[in-house]
Amino acid sequence: MKLLSVNGQKTADILASLQPKLRKWDWKNGMFYGKTLSGFERDAFFDRMDIKSGDKLDLLFLDANGNSVALPYIVGEKLSPVGRKKFSRTPLPGRKIAFFEESGILYIRVPEMQDPDFYVREIKSLAGRNFRAIVIDIRFNPGGNSMTWIKIVRALIAEPMMIPVKVASRTSPVARDNYRRPFQKEKIDFLSGGEYAVTQVNAELKPDEDSLRLNVPIYILVEDISSASGQFAQFAERADQLITLGKRNPVPLGSPSFPVFFYLPNSRLIVRFKFYIDLYNCRSAEEVFHTRPEVELNHSLNEVIDYYNMDLSLPLEERLKRHDPYFKKMLEHLSGN
């Protein structure tokens, strides 16, 4: 749905007036970067407007069929639709492993990359079940210990996974001093035809000896991830059995690296960056950021409202099937393959 106006004022006029206050507006795609289903919005436009708690916002949207949809909201600590429950927190469960017998789906919720032994122990306790698909939910996972996702995957897969890696750095002496792997010089047309030092290797991830030995699809639900969770998503991009599903990420991902720090001699400002970029499967400069999942989700505003108003007393599987647009998209994709 497209936002047309707020309290009768056109969206373009609002954004123009708020431009100095907005840090994360994506002008190219006409959207705010950040979380949409987490309940903790970044740079939501109503936080920057001249409004106060208790004020009413009349939002006018245009739906996919060209129809106008008016939705009144009340401004409080969170933006709440009139006549519905106030958005409080994300309905996503905490750390959770559940096997749904009827559908044959193993659901693994990983809110942060911590405590890998817990996940391995619980996964392996389910040996012998009839699995149809695996769902690893890392939405809004800020990262942590990479061994968490590595051990989860090792406990599931049947065969070793060969993961191609292609990274490029500049050929300057400073760059070569900080990234010393063997390389070949290569000109990259979509990066202004510049010459780069390109390194290509294959990494291997082997299953545990007592893994579940599964050859079923493994879906990775993603939104607003970074650090170790972003590394997991990039691993999934390169593995046929793993499928990322969700929203475009608000921050760049790609192969991880240790950042390098410099300070400017006069201002003493500290600069942090990494010396190489991830070129895997890239055909344009935009793709270097690796922000697009393999299956992209575009949920409607009504789906978001339904998501926040779900009955949390329902069994987990029923909640996911009825109210979670990510899980419903996964089921749709699974049925079509």
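Nothing here was measured: the structure is a model prediction, and the numbers come from that model.
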Close side-chain approach of [X] to [Y], heavy-atom, < 4.5 Å:
{"X": "Glu186", "Y": "Lys166", "value": "yes"}
{"X": "Ile218", "Y": "Ile136", "value": "yes"}
{"X": "Phe61", "Y": "Leu4", "value": "no"}
{"X": "Asp306", "Y": "Val304", "value": "no"}
{"X": "Val288", "Y": "Phe190", "value": "yes"}

Common cluster, [X]/[Y], ILVMFWY with side-chain heavy-atom separation under 4.5 Å:
{"X": "Leu331", "Y": "Leu320", "answer": "yes"}
{"X": "Tyr107", "Y": "Leu212", "answer": "no"}
{"X": "Leu242", "Y": "Ile138", "answer": "yes"}
{"X": "Met162", "Y": "Val167", "answer": "no"}
{"X": "Ile97", "Y": "Val153", "answer": "yes"}

Salt bridge flag under 4.0 Å for residues [X] and [Y]:
{"X": "Arg283", "Y": "Asp189", "answer": "no"}
{"X": "Lys206", "Y": "Glu159", "answer": "no"}
{"X": "Arg154", "Y": "Asp208", "answer": "no"}
{"X": "Lys328", "Y": "Glu332", "answer": "no"}
{"X": "Glu296", "Y": "Lys247", "answer": "no"}
{"X": "Arg95", "Y": "Asp115", "answer": "yes"}
{"X": "Arg319", "Y": "Asp311", "answer": "no"}

Which distance, rounded to the nearest 0.5 Å, do you find between the [atom1] of [X] and the [atom2] of [Y]?
{"X": "Ile277", "Y": "Cys282", "atom1": "CD1", "atom2": "SG", "result": "7.5 Å"}
{"X": "His290", "Y": "Thr244", "atom1": "NE2", "atom2": "OG1", "result": "12.0 Å"}
{"X": "Gln9", "Y": "Asp58", "atom1": "CD", "atom2": "CG", "result": "13.0 Å"}
{"X": "Arg248", "Y": "Leu253", "atom1": "CZ", "atom2": "CG", "result": "13.5 Å"}

Looking only at side chains, do Thr148 and Gln114 share a donor and an acceptor under 3.5 Å apart?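 Thr148 vs Gln114: no donor-acceptor pair found between side chains.
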Nearest heavy-atom neighbours spanning [X] and [Y]:
{"X": "Ser103", "Y": "Glu317", "value": "OG-OE2, 3.1 Å"}
{"X": "Arg132", "Y": "Ser335", "value": "NH2-OG, 4.0 Å"}
{"X": "Ala228", "Y": "Met113", "value": "CB-CG, 3.9 Å"}

Quick check on side chain to side chain contact (heavy atoms under 4.5 Å, CB included): which of Ile152, Asp137, Leu221 does Val110 satisfy it with?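 Single pass found, and it is Ile152.
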One pair to check against side-chain contact (heavy atoms from CB on, under 4.5 Å): Leu71 and Leu60. What are the steps and the verdict? CA-CA 6 Å; Leu71 291 175; Leu60 182 64; over 6 Å; no
List the residues meeting salt bridge (charged side-chain N to carboxylate O under 4.0 Å, His left out) with Asp13, not counting sequence neighbours, and say none if there are none.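 With sequence neighbours excluded, Asp13 shows a salt bridge (charged side-chain N to carboxylate O under 4.0 Å, His left out) to no residue whatsoever.
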Using side-chain contact (heavy atoms from CB on, under 4.5 Å) as the criterion, list what pairs up with Ser267, not counting sequence neighbours.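 So Ser267 forms a side-chain contact (heavy atoms from CB on, under 4.5 Å) with Leu264, Leu269.
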In terms of the angle between their ring planes, are Phe232 and Trp149 parallel, tilted or perpendicular, with boundaries placed at 30° and 60°?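 Rings of Phe232 and Trp149: parallel, under 30°.
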I'd like to know whether the aromatic ring centres of Phe131 and Phe99 sit less than 6.0 Å apart in this structure.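 Ring-ring flag for Phe131/Phe99: true, centres closer than 6.0 Å.
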Taking the six-membered ring for Trp and the single ring otherwise, decide whether the centroids of Tyr219 and His333 are under 6.0 Å apart.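 For Tyr219 and His333, the ring centres are under 6.0 Å apart.
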When you look at CG of Asp240, are more than 12 heavy atoms from neighbouring residues, nucleotides or ligands closer to it than 6.0 Å?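 Atom CG in Asp240 is not crowded, with 12 or fewer foreign heavy atoms closer than 6.0 Å.
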